[in-house]
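Here is the structure we will look at.
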Amino acid sequence: MGVVILLVMAAGVAAMLTRKLPTAFALVVLAVVIALVAGAPLTGEDSVLDTVLQDGAPALAATMIAILLGSWLGKLLDETGIAGTLVRKIVEFGGDRPVVVALGVLAVSTLVGTVTGSAPAAMLAGIIGIPAMIAVGIPKVTAAGTILMGIAAGMPFELPVWQFFSTALELPVPTVRGFMIKLFPFALAAAVLFVLIESRRRGVEHTWSAKSLAPRTRPGRRARLGDAPWYALLTPVVPLVLALGLDVAIVPSLLAGVLYCLATTTRPGEMNKRLLRTLYGGFEVAAAPITLFIAIGILLAAVKLPGAIDALEPLVKAVSPQNAVLFVLVFTLLVPLCLYRGPLNVFGLGAGIAGVLIAAGIYPATAVLGLATSYNQVFGVADPTSTQTVWSAQYAGVTPQQVMVRTLPYVWAVALGGFCVTAATHL
């Protein structure tokens, strides 16, 4: 039975890779088939309808709310001009020094990455940042990669990501936060090295490609809004200070960021309209990831069924290294399997594999956390199918595959660092 479940999982990966089914739909179908193969009844305890579909769908509800609030805050950063102001100030400071401009845009991308992820984060930092970098001579691939590496450097402090791993792996938020803090130096060092090495290795390229991108920077909008006040620029830091420094829960921290942004940028008479407009915009941005998290919750419920655990435990245990050195070597070699929506992508089948590793007692949940978050650093930058990678590459005028080739060595090193920390502290 375990072999059959693995074959079903392989078929699910093939369906996602070939785009026969959208990821969320493929995960739901996969969950139902796994439950049936594992011998689950249609209704009742540990059943397909009641346990997998009914209980699994809202299992990650806290993560969905955090995603919505992060998307709402991201829309506010865009509409109020905070993100654009941060990038413009950095570009003005950097002048005609390409590396300084790129490092400044990297810093803004990191800050934005703590608030929201995926394509919205790339747009917030990249709409102005990418043309500015290209204009001062940063190669196109490096410009796109700088945005992505910056977002990934901020990802360890992205509150919705904390909530996701906390809920999915059934770990307290402080445990997730503690590992993310350890992962951050690797992500930041890789991002800075990417800018320094790639910008100098490729040299200055005055392609003036920014000319074709100029209309997307929306100068008319800047003229209407002007620069955001300096104290409003602290908005992305507010949720972090509350959640990281004062140990406030994630949802209140994100709500505080929303309120601070409104209070520092919006007149009282305009607050009502802006609140509703940006909230509805946040729903549009959050719809896709929320759908995915519903599917992931259903898949997690399926792989945690007693029949599935009993079938998969001996197979997974046989191929899972227990020695710390082998642990690092094997999972480092498997890094490419989180690309192209592969089986180790934590926002796909990888979530199910993580559930099996924990439910079967093969690794402690903290070790699985180290694996999942390390792989997520790779997926968030180098996967040519991720929305932020596609948007950044296309906006810079290159292909996602070119960005993958250039960034993969750096994020692979980040994953290696995460695996080493995991092996040293949790095995």
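All heavy atoms count here, side chains included; hydrogens, waters and symmetry mates do not.
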Please walk me through it: do V411 and M149 pass side-chain contact (heavy atoms from CB on, under 4.5 Å)? CA-CA 8 Å; V411 288; M149 294 295 294; 3.8 Å; yes
Would you check if [X] and [Y] make a side-chain contact, meaning some heavy-atom pair closer than 4.5 Å?
X    : Y    : answer
V414 : V381 : no
S166 : R177 : no
V101 : I90  : no
W391 : I130 : yes
M180 : V161 : yes
L234 : Y260 : yes
M64  : I294 : yes
P239 : L242 : no

Answer yes or no: is there a donor N or O on one side and an acceptor on the other, between the side chain of [X] and the main chain of [Y], under 3.5 Å?
X    : Y    : answer
S109 : G150 : no
T114 : F157 : no
Y375 : F331 : yes
D383 : Y340 : yes
D50  : G44  : yes
T142 : I138 : no
T264 : C261 : yes

Report the distance from atom [atom1] of [X] to atom [atom2] of [Y], rounding to the nearest 0.5 Å.
X    : Y    : atom1 : atom2 : result
L69  : S253 : CG    : OG    : 10.5 Å
F419 : T373 : CZ    : OG1   : 8.5 Å
T235 : I82  : OG1   : CD1   : 3.5 Å
T366 : L169 : OG1   : CG    : 10.0 Å
L233 : L86  : CG    : CG    : 4.5 Å
L159 : F164 : CG    : CZ    : 15.5 Å

Please step through side-chain contact (heavy atoms from CB on, under 4.5 Å) for the pair W72 and L275, ending with a clear verdict. CA-CA 9 Å; W72 187 10; L275 270 171; 3.4 Å; yes
F165 vs F347 aromatic rings, parallel, tilted or perpendicular, using cut-offs 30° and 60°? tilted
Mutual orientation of the aromatic rings belonging to F327 and Y363 [parallel < 30°, tilted 30-60°, perpendicular > 60°]: perpendicular
Closest approach of [X] to [Y] (non-hydrogen atoms, all atoms of both residues):
X    : Y    : result
L371 : T422 : N-OG1, 4.4 Å
A359 : I309 : CB-CD1, 3.4 Å
P58  : D55  : CD-O, 3.3 Å
V403 : V141 : CA-CG1, 4.1 Å
L53  : L49  : CB-O, 3.6 Å
A382 : T389 : N-OG1, 4.4 Å

Using only heavy-atom distances, determine whether the side chains of S374 and Q377 contain a donor-acceptor pair under 3.5 Å. no
Distance-only donor-acceptor check, side chains Q388 and S392, under 3.5 Å: no
Working note: Q401 + V405, criterion side-chain contact (heavy atoms from CB on, under 4.5 Å); need CA distance, chi angles, decisive distance, verdict. CA-CA 6 Å; Q401 287 74 21; V405 170; 5.6 Å; no
Salt-bridge contact K304-E170 (side-chain N to carboxylate O under 4.0 Å): yes
Quick one: do L416 and F186 satisfy side-chain contact (heavy atoms from CB on, under 4.5 Å)? Show the steps, please. CA-CA 9 Å; L416 172 60; F186 296 104; over 6 Å; no
